[in-house]
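Each remark here refers to the structure printed beneath this line.
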Amino acid sequence: MKAYLLSLFNSTSEKLNYLNEINLTFEIPKNLEHGDLSSNVAMLLTKSLRKNPRQIAEEIISNFELDKDVISKVEIAGPGFINFFFSKNYVATIVKNILSNEKDFGKSKKYFGKRANVEFVSANPTGPLTVGHGRNSVIGDTFANLLEAIGYEVDREYYFNNAGRQMRVLGDSVKLRYLNLLGKDVVFPEDYYQGEYIRDIAQSLVNDFGEKLIDENPEGIFKEKAEKEIFYEIEKTLKRLGIFHKIFYNEHTLYESGKIDSLLNTFKEKNLSYEKDNAVWLKLSEMGNDQDKVIVKNTGEPTYRLPDIAYHITKYERNYDLIVDLFGSDHAATYPDVLAGLKALDKDISKMKVLIHQFVTITQHGEVVKMSTRKANYITLDELIDEVGVDVVRYFFNMRAINTHMNFDIELAKKQSDENPVFYLQYAHARICSILRMTEAEGIKLSIENLNLLISDEEQKLLKKLSFFEEEILQSAENFEPNKVCSYLEELAAAFHKFYTFCRIIGVEKNLSEARLALACATKIVLLNGLKILGVSAPEKM
RNA sequence: GCGCCCGUAGCUCAAUCGGAUAGAGCAUCAGCCUUCUAAGCUGAGGGUUAGUGGUUCGAGUCCACUCGGGCGUACCA
């Protein structure tokens with residue numbers, strides 16, 4: 001429908017030149033009486049033309065060359081909106097389109113041939129993924145799915161660091177637990193990792209090695225064992241959610257390959273850094289940021305900024321057209337430094353898209369749970385999946401805008417899992433599958449020959465909803481808004497459930513029956529394609 | 001103190017780059033199953049969009065300030 005209006009305005013602009021100056025947009029009116037699509041061009045032109053918007057609208061309309069088979073009515077309404085009403089026949093043709101494209105319906109080729117990198121999760125292997133990581137994991141994967149749907153070839157990437165202070169403490173924690181288990185009298189400091197998993201790892205070392213490791217360095221087998229075990233668990237959890245990273249990028253390789261040193265040299269050569277107080281500083285204030293920051297400490301160790309910049313340079317070297325970083329608001333302060341560094345090195349910053357999601361506030365028994373891996377005060381993602389299932393977890397994190405400070409009431413999630421909107425969508429899909437089983441038994445075959453019979457309100461509303469799918473996906477992807485996919489699918493499911501209630505398929509006149517079956521099949525395809533982007537299953541029975 | 005994010009129905013959230021009468025779900029209440037799955041449908045109640053000013057044809061949306069909450073503000077990541 002939008003495509004038709006665009007070409008309509010395009011041909012009209014040959015007569016009315018001022019139409020070329022305006023950015024054409026169409027919106028779907030909330031109120032049905034305002035048509036199927038609406039344009040506000042006339043109002044946007046009031047200033048430059050110095051005319052009443054309704055007069056302008058009048059002039060535009062009178063120059064349209066309308067196809068009566070497509071547009072049934074055009075009217076001017078309110079302050080100067082131009083409202084378009086499409087013919088029922090035209091609306092019904094979407095079914096053909098859906099049935100012939102099937103799995104590919106909704107996908108677009110706008111970004112065909114482009115490559116994107118989506119970095120998400122990126123948790124260091126110090127403990128199991130928590131509910132807090134869940135939001136990052138799910139929306140990161142959904143972004144990747146969305147980008148694929150609009151033509152990108154996407155690499156999912158996980159950046160991690162198995163060196164540094166956190167990991168030292170991890171090794172120390174395991175060793176102390178190990179000594180603990182062997183009956184040694186040791187003090188376990190409060191700021192060490194308190195989690196039960198540390199004890200499990202230590203226990204398995206006791207089982208395998210007995211007392212042989214008592215004199216081993218904590219940075220050796222203790223740390224290595226912990227990292228391996230924890231990473232194994234992280235990957236297992238992600239796998240449950242259907243998340244698979246193509247690339248695991250270890251920060252350490254940046255040092256081994258000399259990229260850190262060479263970056264440091266580049267900064268120095270370009271006079272972008274200087275030494276002060278025995279440390280190396282990056283001239284961020286000259287790059288437009290608030291203040292200069294240290295990139296190499298007086299101990300000789302780099303701060304996280306240097307490897308972060310070096311890491312992102314590798315993304316540029318790997319020739320991506322789009323580089324997406326997703327992280328929680330606790331890291332929001334770090335990315336301007338990275339961007340400034342990249343810009344100073346003449347990298348095209350417009351390829352970067354840094355997305356920040358707000359925190360998930362967990363409440364349990366009416367109280368806010370402050371999550372801390374160190375203090376072992378957390379609810380793991382695995383526990384959540386055990387409680388409510390993969391589909392609910394994925395849907396729940398996808399359904400809210402990433403900027404919302406979302407609340408997660410654990411009790412409510414368990415209790416209301418039956419009433420979660422995800423079941424509403426899945427139920428629509430299962431209902432259609434059920435109809436398909438019945439019609440097959442009855443020998444009813446779908447047909448696209450008599451789609452013009454689909455004229456009731458319920459049928460038309462469903463058809464219109466279906467026709468906006470591709471546009472919704474495109475917008476969700478371009479704006480990085482997975483929650484819009486959820487809203488769309490909920491509306492689609494609602495339109496279907498109404499259609500189901502009022503329009504019978506089995507037991508009506510043959511041509512109508514076949515046309516309605518075609519509509520039901522088209523709906524099934526769109527539901528399936530949409531749920532697939534969200535990573536949610538579409539059961540055939542419930 | 002400063003920076004970023006947020007504040008919408010009892011609760012959780014929407015609202016198409018500023019659009020027409022602010023919408024869903026849950027919860028509450030009243031109806032609908034001899035016919036394709038009632039995990040559904042129909043209807044009702046529920047709002048000074050935190051507050052005060054401003055910008056304009058038009059503001060939940062943009063600007064300023066105030067109040068309240070989250071996250072930052074390291075030679076930790």
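Below, chain A is the first sequence line, B the second, and so on; all start at residue 1.
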Within the modelled atom types, does a donor on one side and an acceptor on the other bring the side chain of [X] and the base of [N] under 3.5 Å apart?
X	N	result
A:Ser38	B:A20	yes
A:Asn40	B:G19	yes
A:Asn483	B:A15	no

Close N or O pairs between protein and nucleotides 67-69 of chain B (under 3.5 Å):
unit_1	atom_1	unit_2	atom_2	d
B:G69	N2	A:His405	NE2	3.3

Would you jot down, in residue-number order, the residues of residues 422-435 of chain A having a non-hydrogen atom under 4.0 Å from RNA chain B?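 Only A:Phe423, A:Tyr424, A:Tyr427, A:Ala430, A:Arg431, A:Ser434, A:Ile435 qualify.
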Check RNA chain B against residues 119-134 of chain A and give the residues with a non-hydrogen atom under 4.0 Å, in numerical order.
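Listed by number, they are A:Asn124.
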Only pairs at least two apart or in different chains count here, so list each ring-ring contact (aromatic ring centres under 6.0 Å, His included) that has a residue in residues 23-45 of chain A.
->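 Checked against ring-ring contact (aromatic ring centres under 6.0 Å, His included) - neighbours excluded - the pairs reaching residues 23-45 of chain A are A:Phe9-A:Phe26.
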(Q) For A:Phe120 and A:Phe143, I'd like to know if the aromatic rings sit close, meaning centre-to-centre distance below 6.0 Å. (A)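 No, the ring of A:Phe120 stays outside the 6.0 Å limit from the ring of A:Phe143, centre to centre.
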Which atom pairs link the protein and nucleotides 30-34 of chain B when you take only N or O atoms and keep those under 3.5 Å?
none

Checklist entry - What is the distance from atom OG1 of A:Thr25 to atom CG of A:Leu5, rounded to the nearest 0.5 Å? => result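 If we round to the nearest 0.5 Å, A:Thr25:OG1 and A:Leu5:CG are 11.5 Å apart.
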- [ ] Extract the stems that RNA chain B is part of, considering only consecutive pairing runs of at least three Watson-Crick or G-U wobble pairs, both distances under 3.5 Å.
- [x]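 Detected stem regions: B:1-7 with B:67-73, B:10-13 with B:23-26, B:28-32 with B:40-44, B:50-54 with B:62-66.
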query: Given atom CG of A:Asp337 and atom C1' of B:G3, what is their separation to the nearest angstrom?
result: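 Nearest whole value for this atom pair: 13 Å.
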Next item on the list: Measure from OH on A:Tyr395 to P on B:A39 and round the result to the nearest Å.
Entry: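 Going from A:Tyr395 (OH) to B:A39 (P), I get 19 Å.
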Does the Lys NZ or Arg CZ of A:Arg431 fall within the cation-pi geometry relative to A:Tyr500 - under 6.0 Å from the ring centre and within 45° of the axis?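 Relative to the ring axis of A:Tyr500, which defines the angle, A:Arg431 lies inside both limits.
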ask   = Yes or no on ring pair (Phe, Tyr, Trp, His ring centres under 6.0 Å) for A:Phe396 and A:Phe408, after CA distance, side-chain angles and deciding distance?
value = CA-CA 9 Å; A:Phe396 192 91; A:Phe408 200 133; 4.4 Å; yes
Stacking between A:Phe81 and B:A20, defined as ring centres under 5.5 angstrom apart with planes under 30°, is that present or not?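 By the stated criterion, A:Phe81 and B:A20 stack.
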- Message: With nearest nucleotide decided by heavy atoms, which residue, A:Leu44 or A:Asn298, maps closer to the 5′ end of RNA chain B?
- Response: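 Nearer the 5' end of the strand: A:Leu44.
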* Asked: Between the side chain of A:Asp292 and the main-chain N/O of A:Ser285, is any donor-acceptor distance below 3.5 Å?
  ->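 The answer is yes, because a donor-acceptor pair under 3.5 Å joins these two groups.
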